[in-house]
Amino acid sequence: MTKILSSENLCKYFGGVRAVDQVDFSVDKGEIFGIIGPNGAGKTTLFNLLTGTLGVTKGKIYFKDGEITNLPPQKVTRLGIARTFQNIKLFEEMEVLENVKIGFHTQTKTNMLDAVLKNNKLKEDEEKVHLEGLKLLERVNMLDKKNNLAKNLSYGDKRRLEIARALAVKPEILLVDEPAAGMNPHETDEVVELLEQLNKEGITVVIIEHDMKVIMGMCDEILVLNNGVKLAQGTAAEVQKNPEVIEAYLGK
Amino acid sequence: MFGFYLSQLFNGITQGSIYALMAIGYSLIFGTLGLVTFAYGDIVIFGVFVGYYFYAVLGLNLILAMLLALPITFLFGVLVEKICYEKFRKEARMLMLITTVGFGIFLRSASQIIFGTGNKSIPTLIEGKIEIGNLNILYIQLGIIIFTLIFIYALRYFLNNTRTGIGIRALSMDQDAAKLVGVNVDKSIKFGHSLGVVLGVFGGIMLGSFYNAISPMMGPNLGLKAFTAVVLGGITSIPGAVIGGYILGIMENLAVAVFSSGYRDVVAFIILIIVLVVKPSGLFGKEVKF
Amino acid sequence: MAANIFEKIITNINKNKLKYIFLLIIVLLILPFVVENQYVLHIAVLTLMYVLLSSSLNVIVGYTGQYNIGHVAFYAIGAYTAAIISTRFNLNFIIVILISGFVASLFSLMLGIPTLRLRGIFFAFTTLGFAEITRLTILNWRSLTRGPFGIPGVPIPQIFGMRLSTNTHFYFMIFILLFLMLLMTYRIINSRVGRAWISIREDEQASASMGVDTFKYKIMNLMYGTFWAGVGGAFFAYFAGYVSADSFILDESFRFFAMVLVGGTGTLAGPILGGAVLTILPQVFRSFARYQMIIYGVAILLIIHYKPEGLLGGRTFKRDLSESEDN
Amino acid sequence: MRKSYLLSLLVLTVIFTFVLSAGAAEDTVKIGLSAPITGNYAEFGENFQYSVEIAADRINANGGIRGREVEIIVRNSEGKPNVAASIAQEFVQNKEIVAEIGDFTSTSCLAAAPIYERNQMVQLSPTSSHPDFARSGEFMFGIVGTQAAEGPFNAEYIAKEYLGIDSVAVIYINNDWGVSTMENFVAAAEKVGLEVTGTEAFFGGETDFSAILTNVKQNNPEGVYIAAMYNEASQVVNQIDRMEWDVAKLAPSSVFSEQFLKLSGESGEGLVTNTFFALEDPKEKVQSFIAEFRERADRNPNLHAAVAYDSMMLLADAIERAGFDRVAIRDALAETENFEGVTGTIEFTDVGDVVRSYMIMEVKDGDWVVQEDYR
């Protein structure tokens with residue numbers, strides 16, 4: 001198994017608050033990797049560091065063979081890392097299909113001049129983006145809503161659209177932040193199924209989730225954070241046995 | 001030569017003290033509403049004219065007339081809030097920006113019709129001066145500085161120790177959270193805004209009394225100066241706004257001394273842009289969400 | 001109720017967009033041949049010019065969500081560039097207009113590089129400062145701009161030996177410019193570039209996560225919008241034959257802004273209606289002399305109260321354009 | 001209910017358009033007045049309106065012009081050159097308007113000039129003093145006299161002879177009028193050996209002049225020439241007084257107004273200016289104009305008001321001789337001879353402006369007092 005994403009001594013301090021403190025972890029290619037921890041453990045901050053949304057205070061991040069520490073988010077995305085957001089960040093006033101189309105930004109080349117001239121490059125790009133966008137929507141079962149404004153979607157649909165949008169980037173690794181939050185059990189199952197399917201197709205999945213059933217059921221490996229510090233990394237069984245993890249979750 | 005720069009510095013401090021006084025009210029409004037207003041100068045001048053009206057037309061005692069103007073402008077502030085902001089609190093900020101512009105145009109033109117188009121003279125509230133070496137310091141100048149200090153401390157006390165004040169402070173940090181902890185958002189916004197207006201009008205009265213003249217057309221320039229001082233010093237930080245006012249005054253006057261008088265405002269705005277680029281929250285402001 | 005009829009008309013227009021656009025173009029093309037009143041034509045030229053200017057601001061404010069409240073600076077730079085070049089060199093007006101657009105664009109690049117990294121309202125402050133700096137520099141730099149005297153004698157534009165001096169000529173000139181601008185903008189907005197712009201407006205953080213180089217696209221957007229402001233300014237210089245700093249005060253910037261908001265942001269049609277309404281309204285009320293500006297101010301307040309999303313119901317902005325923290 | 005706002009607005013717009021375009025009675029002669037009724041120059045525009053309307057009422061009381069009543073069409077130019085140009089377009093389009101009075105600033109006049117010129121309609125500006133204005137066209141007339149004449153008078157007669165000073169600093173407002181006033185004064189000063197120790201500009205609406213004055217005082221000039229309108233000029237003298245700086249103060253005729261006295265109080269004392277309109281002028285027509293103006297505006301007229309009154313009277317005189325044809329009016333106006341206005345005798349030069357002769361006036365005991373008669 002080869003490492004695809006890893007960190008070394010990763011730290012993020014907000015003033016005196018150590019949101020992420022000296023975290024080392026590594027994700028293997030092709031696995032489903034879970035990150036758990038109580039509220040405020042630094043999970044989302046870790047995601048923000050990995051994707052370049054936040055700058056790191058100390059430490060290093062590696063993706064495949066290269067270092068990606070402090071790369072801006074658009075460059076990180078170009079390398080093949082896509083993400084969703086805990087608090088859903090869709091382009092609310094845009095149609096569902098348009099939301100997905102933006103995901104293809106890095107794979108298309110149209111510039112302003114092409115657009116103005118309406119040349120072949122634009123036409124090819126638009127055609128490609130349109131067709132592939134529809135395919136992705138079909139995949140998440142939202143084809144019938146392609147012309148709805150994103151802001152009018154149901155909560156579950158919004159989460160699914162975010163995943164579809166992230167997939168448009170054609171990522172090697174997908175970081176999903178609480179994809180099942182606020183969903184009913186049926187919707188949750190759908191999302192789990194989708195992620196597992198994607199994983200089978202070769203996409204490495206990193207998932208933050210509070211629902212232990214989801215995490216324990218699908219993850220190959222789990223990272224446990226508490227107060228910004230790594231408590232453990234291992235398989236579901238290993239983690240569940242770790243005394244520090246039990247203490248963090250159940251208290252003394 | 002040294003004496004020349006010293007007296008220009010002193011000129012700057014004088015002018016800065018007026019900007020500082022004007023900036024206090026602006027800063028309070030900014031903090032309460034979370035948005036710049038482009039009607040501030042016009043509202044302030046309108047308030048001063050109300051006082052002038054009592055004094056010149058109804059023949060009241062000058063100080064009494066000006067004091068009478070304050071409660072009236074407080075009520076006027078409530079009206080302004082209703083027209084320009086109330087409906088748009090949850091809407092985009094730029095709507096409030098344009099309503100203040102529209103209201104400013106309206107009020108300026110209306111003032112010209114009600115109070116006349118020309119400059120009006122206001123006598124000095126407190127006559128007299130003290131001489132220290134070569135410098136003449138007018139009592140009114142001292143008064144301006146003293147009032148500025150009083151306002152900083154009084155406001156700080158008010159915002160930290162009274163129920164209403166704490167409510168306003170909570171608003172400036174997070175409106176939704178303020179609501180959750182039981183702040184009456186509507187009342188607090190109206191009160192904070194009106195208080196800002198009254199402070200501004202008070203500053204305007206001191207300004208009119210210092211320069212002995214007011215005119216409806218002074219509004220926009222005044223508002224822009226208060227705005228610049230507040231942004232320089234740090235939005236929502238009241239002592240910051242005051243220091244911003246002083247910096248602005250000193251910079252402008254030194255610009256006249258060093259470059260040319262035509263570039264006085266250019267220098268001020270260049271400094272504003274540089275400060276924003278280097279430290280968007282202003283020289284003394286905390287990082288805020290805007 | 002009567003107001004409902006208005007709503008219905010708007011809905012109807014939205015439904016049959018193409019038809020109405022076609023109809024509007026036809027009407028606008030015939031207009032100068034039917035209208036003989038030169039004053040009305042003059043106002044028509046001004047209206048189209050303001051529509052161009054408010055549309056150019058809408059590209060920046062409406063599509064990418066950058067609070068540019070100093071747009072008048074680029075309009076001024078365009079006008080002065082055209083006036084300075086055309087009175088010193090014998091160049092074809094089309095070239096002069098293009099150069100003016102590029103110069104305005106260049107200034108926006110210089111302003112944008114340090115300031116576009118600032119969030120929402122802070123960027124607005126810098127544009128406001130820039131507008132004042134521009135106006136005051138024009139007034140001070142007498143050797144280049146003749147300071148407060150302005151530059152008179154902007155030559156009459158010529159093409160194929162024809163002197164373009166009548167209102168009808170200028171009408172078609174601005175009509176073509178506006179048509180080009182709207183067509184180009186329409187195409188860009190419906191391409192990868194436009195999607196990137198809009199995504200920045202909607203959520204800059206998410207946009208970056210989709211691989212959009214948000215800073216680069218914001219710069220491009222600002223440059224594109226200010227290019228057209230510069231073109232509008234250059235046209236104004238030719239049309240008026242005279243430029244002076246009094247035409248480029250901050251109020252003018254607020255006027256553009258009001259036009260965009262009154263019409264509806266983030267749609268092509270919004271600023272067209274907004275620009276038209278707020279250009280024609282003051283002309284109609286001009287005979288009210290000293291009550292004119294009162295009516296103007298009240299009209300803006302009323303429209304914003306009645307339809308905060310703009311007459312044509314464009315999208316509304318989120319209250320905060322700033323990035324939300326998620327920890 | 002709110003929804004009906006917009007509709008009522010639309011309806012209003014339509015109604016007003018109809019009202020505007022509705023035909024007027026045939027038996028009037030229409031004169032356009034383009035003036036800054038709102039904005040920074042509003043008070044000057046207001047003076048224009050009062051004076052021109054007083055003149056029109058007078059004319060109508062005496063049977064009008066060639067039996068027709070004068071009707072003034074007022075348009076607000078907001079002090080903006082491009083708006084003045086739009087108004088010009090409206091006026092020339094309206095065939096019933098035979099001539100125009102306005103605008104206040106030289107830049108507005110210059111911006112509108114090509115339109116009036118092309119359509120052959122007189123633009124008679126009461127106040128444009130820029131030497132280029134009247135030269136910009138056959139149909140352009142200015143009656144206030146140009147800075148090219150006032151500057152030398154102020155430098156030679158007021159500064160050198162009357163005040164007897166050898167050096168002067170210039171403080172000027174940075175607009176078209178101020179710069180032109182400054183430049184003409186400085187040029188004239190150099191000719192007559194009056195040393196100019198420095199020039200300092202300020203922008204309209206400025207209230208604090210202490211920095212500028214401190215700069216100027218550095219070079220110890222014997223006098224300060226204040227090229228500003230009365231409102232800023234009064235601030236300047238106030239602040240000179242506050243500095244306890246004993247210096248001779250002189251200014252162009254723009255400061256001559258009652259407002260200046262009110263705003264400057266004791267610190268205005270001793271300021272010298274020129275004028276060709278004096279409140280104490282005993283002529284009946286002057287006194288009756290002053291009385292009428294006071295009644296309507298509740299203040300004394302200033303120079304700007306007086307020239308606006310004369311502009312209307314001049315036009316009426318020309319129309320009386322020429323009839324209602326625009327070009328004929330232009331010719332008659334150019335041929336005006338020995339017209340006696342409230343501002344003295346008016347005759348146009350070849351280019352269309354007026355060579356004025358000036359009185360010297362000083363503020364004494366809180367009042368404007370003529371010190372030397374016309375020269």
Side-chain angles (χ1 to χ4, degrees), chain A residues 14 17 19 40 42-45 47-48 51-54 72-79 81-94 98-99 101-118 122 125-126 129 149-151 162 165-166 168-169 175 177, chain C residues 59 62-65 105 117 180-221 223-225 227-228 264-267 309 313-318 323-327:
Chain A
F14 295 104
V17 182
K43 301 177 303 269
T44 296
T45 307
F47 259 28
N48 286 340
T51 54
T53 307
L54 281 176
Q74 65 270 21
K75 292 217 170 115
V76 173
T77 306
R78 269 169 201 276
L79 292 173
I81 303 177
R83 72 173 294 186
T84 68
F85 295 87
Q86 180 189 16
N87 49 348
I88 307 184
K89 283 170 165 292
L90 286 172
F91 306 122
E92 302 246 316
E93 293 273 348
M94 294 173 89
E98 297 285 304
N99 264 278
K101 280 182 179 176
I102 289 170
F104 294 104
H105 185 85
T106 54
Q107 299 148 51
T108 45
K109 292 273 180 293
T110 313
N111 60 25
M112 254 162 70
L113 194 66
D114 298 325
V116 167
L117 297 176
K118 221 174 175 177
L122 173 103
D125 274 353
E126 286 303 304
V129 164
L149 284 185
K151 67 172 175 185
E162 249 204 329
R165 188 179 67 176
V169 173
L175 280 58
D177 199 342
Chain C
V59 168
Y63 284 115
T64 312
S105 201
R117 294 183 196 277
L180 275 177
M181 189 268 173
L182 291 175
L183 182 71
M184 280 171 71
T185 308
Y186 177 80
R187 285 183 172 180
I188 293 173
I189 289 306
N190 289 293
S191 77
R192 168 178 178 266
V193 178
R195 277 197 296 273
W197 287 353
I198 299 173
S199 73
I200 292 171
R201 170 190 83 191
E202 289 297 310
D203 192 319
E204 190 165 343
Q205 208 181 69
S207 176
S209 301
M210 292 299 109
V212 177
D213 188 339
T214 54
F215 181 66
K216 188 178 118 190
Y217 275 83
K218 280 199 282 187
I219 289 271
M220 267 165 57
N221 173 269
M223 287 180 73
Y224 177 74
F227 171 82
W228 285 108
T265 53
T267 60
E309 71 277 21
R315 61 175 297 286
T316 45
F317 279 79
K318 276 187 214 156
E323 296 157 21
S324 48
E325 324 287 327
D326 42 345
N327 278 302

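Naming: A, B, ... by sequence-line order, numbering from 1 per chain. Given the structure is predicted, the values throughout are model-derived calculations rather than measurements.
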### Message
Which one wins on heavy-atom pair count under 4.5 Å against chain C: A:N111, A:D125, A:T108, A:T106?
### Response
A:T108
### Summary
Most heavy-atom pairs under 4.5 Å with chain C, out of A:E98, A:K118, A:R78, belong to A:K118
How long is the straight-line distance from [atom2] of [Y] back to [atom1] of [X], given to the nearest 0.5 Å?
{"X": "A:K89", "Y": "C:S209", "atom1": "NZ", "atom2": "OG", "result": "8.0 Å"}
{"X": "A:N99", "Y": "C:R195", "atom1": "CG", "atom2": "CZ", "result": "11.0 Å"}
{"X": "A:M112", "Y": "C:M220", "atom1": "CE", "atom2": "CE", "result": "5.0 Å"}
{"X": "A:T110", "Y": "C:I188", "atom1": "OG1", "atom2": "CD1", "result": "11.5 Å"}
{"X": "C:R192", "Y": "A:L122", "atom1": "CZ", "atom2": "CG", "result": "11.0 Å"}
{"X": "C:R201", "Y": "A:E93", "atom1": "CZ", "atom2": "CD", "result": "6.5 Å"}

Segment of [X] engaging chain C (4.5 angstrom heavy-atom cut-off):
{"X": "A:L149", "answer": "neither"}
{"X": "A:V116", "answer": "both"}
{"X": "A:K43", "answer": "neither"}
{"X": "A:V129", "answer": "side chain"}

### Summary
Nearest heavy-atom approach of A:R165 to C:A206 is NH2-CB, 3.9 Å
#### Entry: Shortest non-hydrogen contact from A:A115 toward C:R187
O-CB, 3.3 Å
### Task
Find out whether A:Q74 and C:Y217 are in side-chain contact, i.e. whether some heavy atom of one side chain is under 4.5 Å from a heavy atom of the other.
no
### Task
Mind ranking C:V212, C:N190, C:V193 by heavy-atom pairs under 4.5 Å with chain A and telling me who comes out on top?
C:V212
### Task
With a 4.5 angstrom heavy-atom cut-off, could you sort out which part of C:T185 is near chain A: side chain, backbone, both or neither?
neither
